[in-house]
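For reference, the structure is listed below as structure tokens.
Computed from a prediction, not measured in an experiment: that's the story for all the values here. If you read the sequence from its start, that first residue is 1, and numbering goes on from there.
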Amino acid sequence: MNRPSKLASAIKFGLIASVSTSAITVSTAAYAEEEAKVERIAVTGSRIQRQDMETASPVTVIDAATIKAEGFTSVDQMLQAQTSMAGAAMGSSTNNGSDGVAQVDLRGMGSQRTLVLLNGRRMVNSGSGADSAVDLNSIPVAMIARVEILKDGASAVYGSDAIAGVVNIITKKDFDGFQIDVTGGMTDKSDGENGEISALYGFNTDTGNYTFGAAYSERRGVVQSDRDWTDPGASSFIPNGSLGGQVKDENGNWVDREESYDYTQDSFYQTPSKRYSLFANMTQELGNDLVLTGDILYTKRKSNQQLAPQPANLDLDVCEAGDDPTKCVEIDQDMTDAGIKPNDKGQVNYRKRMNDVGPRVYTQDTDTLRVSAALAGSIDVNTGMDWDVSYTYGKNKAETAVENSINASIMTDAIYADQDAWFSGQPMTDQALLDSVSYDEQSDGGNEQHVFSAGLTGELFDLDAGAVAYAIGAEYRYESGFYNPDPIVVAGESTAAQQDPTDGNYNVISVFQEVSVPFTDKLTGEFALRFDDYSTFGNASTWKIGLTYAATDDLMIRTVAATGFRAPSVSELFGGNSGSFDYLDDPWGNEQDPQILVNRTSDEDLQPEESESYTAGLVYSPSYVDGMSLTVDYWRFKVKNAIARMDTQNGLNNCFAGDQVACDAFNIGPNGDLDNLTNSLTNVGYQDTSGIDFNLAYNFEVLNLDWTVSNDTTYLLNFEQDGVDYTNTIDGNFGAYAQVRNNFSIKAGQDDWNVMYFNRYIGEMDDLGEGTKVDSILYHNVSASYFINDTWMVSAGVKNLTDEEPSNVSNGSDGGTVPEVYDTIGRQYFAGVTVKF
């Protein structure tokens, strides 16, 4: 093998040592050993086996040492800390509507537009059922060797979903020995405890390696009202109930409602969770250049979230002469004098926060299984012509429940039967009556995936500058999903939003090819083409062209242009109506509560999204500064025919301003009637986003210490979606699109110890709801590790050292802020012990 240039070495080192948000412990000696033994490797974003890691695509690599050093206890926490992330991906801080899942949102383009792979192959979508993205909770931190983030479109290589990029999680394999890891942490307020214990065992044989692992992790909750910076919530649904906007005081008189309910005392900033995982990897040589590889992963997640008691919102029929008084509400003179009167439909609105029953407790019990096996061999060892066939199976099943739900039909009948008990303005004490109107929702769902793939890689012929390499292959994939809401919810008899079942499947047959052409010693081209034929909508073709140019031994210029697509998911195609209480402002003033019911619908005729992506940048490793490298990349992604829901708040505002098209699109009635407010999935959306990524990595030795400095910056130039400019804004519904995000780290150490300082900056943004400024924020983390001997290693650290409070957001999703963006639990301590035999 030819000795690589300084630039090639720098690129390889930068990827292994992580062109990322923080330093990674990779010694020069370890790098040299890796370089010596690796001849042909796979790189995320390409199926071509190559001798080095020089590609046209920008890739960030984060290894297990970094994850441990920064105290991450879940994959989503680690990914969402990257500067290339935006929006508001669901995770441990999402209390309302997450069902306990954790996702990644590269470039803020939506979690469904980031493809997640496990060891280079697809991971089954998972969650509560018929899900459109991978639940990262199903992948335990203990099994991760490294994470590779491809930051350009890769549909031509991997197919659907890779519009914004790819996250490829590589698991630990080829392990020899036995290792136990114990980690734990908590906040300085003595809550939010979390911990994980894992074991890893592996052994080598003459012809292979077998690695086994197990992990258990637990995370406890943090209640919103336990943080003194939390703005008290203000809901018009109060425990004593209100009728027609009036309440009864302690003297039994009907008066204007002035009080509100603080729902933060019942809600979480950090949601509780328990996870149990088993995993294994194997590599077995079978002779005659045959190698069998396989991996298996099983994860059980038990999680829960908690919201304030159910807000019952009932429109009660008002009795008229001759009506059966047990089937309507009688309005007496005191009520009439207080202004309580029927509307034009002969009804009066009754609202009550059901504290007498208890808070809503959401629970999930999910099981995710993934099994993958591959057989690979060589046709011609001399030319490197290799083949492989693989099969991947994934299945996710979930049982979900909501304790203390309310049956609206039974409650309505109970009010008609004894309105004095409900309109007294006093807490209810009749437990039998409360039990009759409450129930526990029970739902179930799941996802299933089968993937068969076959490929051939090798070299076609030699040019003056080297061999033309290729990869060709075919793939069959089957996806199915279902979700069955509680029958009471399906019937529309619950005080929660009505929801229909989801059930559907599709399959796709794909063929793909890649070619790498060394035009000259300095210029290399990469070309990919893929054809996918779907059972739902037809076919799609995508392509990719990449160029790398080694201008000097120090400087490489790279660029990629590609097209992509995303096929509509099972839930987008086959899901029925799904109600959602969104945080919205009613411009007519008819709805006083910040949460307004929106009916969300799907469409079986949806077509795939189409995208274009472009990246251009450079990799510079100055010969006059050993150990330094920097990258600068411009990127742009454009999505048309996007499958998305329009901005409901924008639709409300436009309708209020007189735009009848907006009124019709959102099913808004006369005078701002929002009873049938609807937001349908369509193909008329679009996204257009661009920015610049900058990374600096510097490894050097000073004062007999090994130093690693890393700085990662993302500067957002533009993010526009469906006619709204979200550039440098933050909002509770869409999350944050900060113009500047920056991560900096510096690490110093010797053979047996190291210390690290890390900071994360989120720039000042505009509040999308009010147009005011939301303050920038800078988080500081410190950590240290010490190798006592070859067997024992200890580590400890502090996250959010200065206990920064989250920035206030007027239309925040929880607690007056956006927990998916800012740290809402405060200063946290963590420590760990590793024992290896």
Side-chain angles (χ1 to χ4, degrees), residues 21-23 62 64-82 85 89-95 102 136-137 140-142 181-198 215-230 264 267-275 303 305 743-745 747 754-762 777-786 794-807 814-815 817-834:
T21 60
S22 55
I62 309 165
T66 298
I67 297 172
K68 189 177 186 67
E70 295 186 25
F72 295 120
T73 57
S74 62
V75 181
D76 65 295
Q77 292 175 351
M78 177 265 295
L79 290 174
Q80 286 307 118
Q82 308 303 306
M85 305 300 167
M90 291 188 293
S92 61
S93 61
T94 308
N95 185 56
L136 296 172
N137 284 321
V141 171
D181 286 274
V182 180
T183 61
M186 64 186 302
T187 74
D188 64 351
K189 284 82 172 174
S190 299
D191 59 6
E193 300 92 341
N194 63 83
E196 181 178 75
I197 180 170
S198 63
Y216 167 76
S217 64
E218 182 175 354
R219 180 183 68 230
R220 297 182 180 177
V222 174
V223 178
Q224 292 180 12
S225 59
D226 287 344
R227 295 298 182 264
D228 56 12
W229 54 261
T230 301
T264 65
S267 300
F268 286 128
Y269 276 136
Q270 177 171 285
T271 60
S273 176
K274 295 181 181 180
R275 290 178 293 167
S303 54
Q305 305 82 47
N743 290 349
F744 170 81
S745 70
K747 181 162 64 172
N754 65 70
V755 295
M756 186 179 81
Y757 164 74
F758 171 83
N759 69 44
R760 181 164 64 98
Y761 174 79
I762 302 174
I777 198 163
L778 181 65
Y779 296 108
H780 307 269
N781 299 350
V782 294
S783 66
S785 62
Y786 177 62
V794 294
S795 61
V798 183
K799 292 191 287 187
N800 194 357
L801 179 67
T802 54
D803 199 21
E804 298 294 324
E805 297 181 356
S807 299
D814 247 331
T817 188
V818 184
E820 293 83 359
V821 176
Y822 298 114
D823 179 0
T824 55
I825 64 176
R827 184 185 297 115
Q828 305 154 64
Y829 305 111
F830 64 91
V833 176
T834 298

Would a distance-only check, ignoring hydrogens and angles, find a side-chain to backbone donor-acceptor pair under 3.5 Å from [X] to [Y]?
| X | Y | result |
| --- | --- | --- |
| Arg827 | Leu801 | yes |
| Asp181 | Gly832 | no |
| Asn194 | Glu218 | no |
| Tyr779 | Asp823 | yes |
| Gln828 | Gly826 | yes |

[X] versus [Y], closest heavy-atom pair with distance:
| X | Y | value |
| --- | --- | --- |
| Pro806 | Ile777 | CA-CD1, 4.3 Å |
| Ser807 | Thr817 | O-OG1, 2.7 Å |
| Phe830 | Glu70 | CZ-C, 4.0 Å |
| Val755 | Ala784 | CG1-CB, 3.7 Å |
| His780 | Asn759 | ND1-CB, 4.2 Å |
| Thr73 | Arg275 | O-NH2, 3.0 Å |

Before you tell me yes or no, could you show the steps for Arg760 and Ile762 under side-chain contact (heavy atoms from CB on, under 4.5 Å), namely the whole-Å CA-CA distance, both residues' side-chain angles and the distance that decides it to 0.1 Å? CA-CA 7 Å; Arg760 181 164 64 98; Ile762 302 174; 3.8 Å; yes
Determine whether [X] and [Y] make a side-chain contact, defined as any pair of heavy atoms from C-beta on separated by less than 4.5 Å.
| X | Y | answer |
| --- | --- | --- |
| Thr834 | Lys68 | yes |
| Thr271 | Arg219 | yes |
| Ser225 | Thr230 | no |
| Gln224 | Asp814 | yes |
| Val223 | Phe268 | yes |
| Arg227 | Asp191 | yes |
| Gln270 | Thr824 | no |

Identify whether the distance between the nearest side-chain nitrogen and carboxylate oxygen of Asp803 and Lys189 falls below 4.0 Å.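 Salt bridge between Asp803 and Lys189, a charged N being under 4.0 Å from a carboxylate O: yes.
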Nearest 0.5 Å, please: how far is [atom2] in [Y] from [atom1] in [X]?
| X | Y | atom1 | atom2 | result |
| --- | --- | --- | --- | --- |
| Tyr829 | Thr187 | OH | OG1 | 9.0 Å |
| Thr802 | Leu778 | OG1 | CG | 7.0 Å |
| Asn800 | Glu805 | CG | CD | 10.0 Å |
| Gln80 | Phe72 | CD | CZ | 10.5 Å |
| Ser783 | Lys747 | OG | NZ | 8.0 Å |

Under a 3.5 Å threshold, yes or no: a donor from one side chain and an acceptor from the other, between Thr94 and Glu820?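 Glu820 and Thr94 do have a side-chain donor-acceptor pair below 3.5 Å.
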Centroid separation Trp229 to Tyr269 less than 6.0 Å: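 Yes, close enough.
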In sequence, state the C-alpha distance, the side-chain angles, and the governing distance for Met78 and Val141, and then conclude on side-chain contact (heavy atoms from CB on, under 4.5 Å). CA-CA 10 Å; Met78 177 265 295; Val141 171; over 6 Å; no
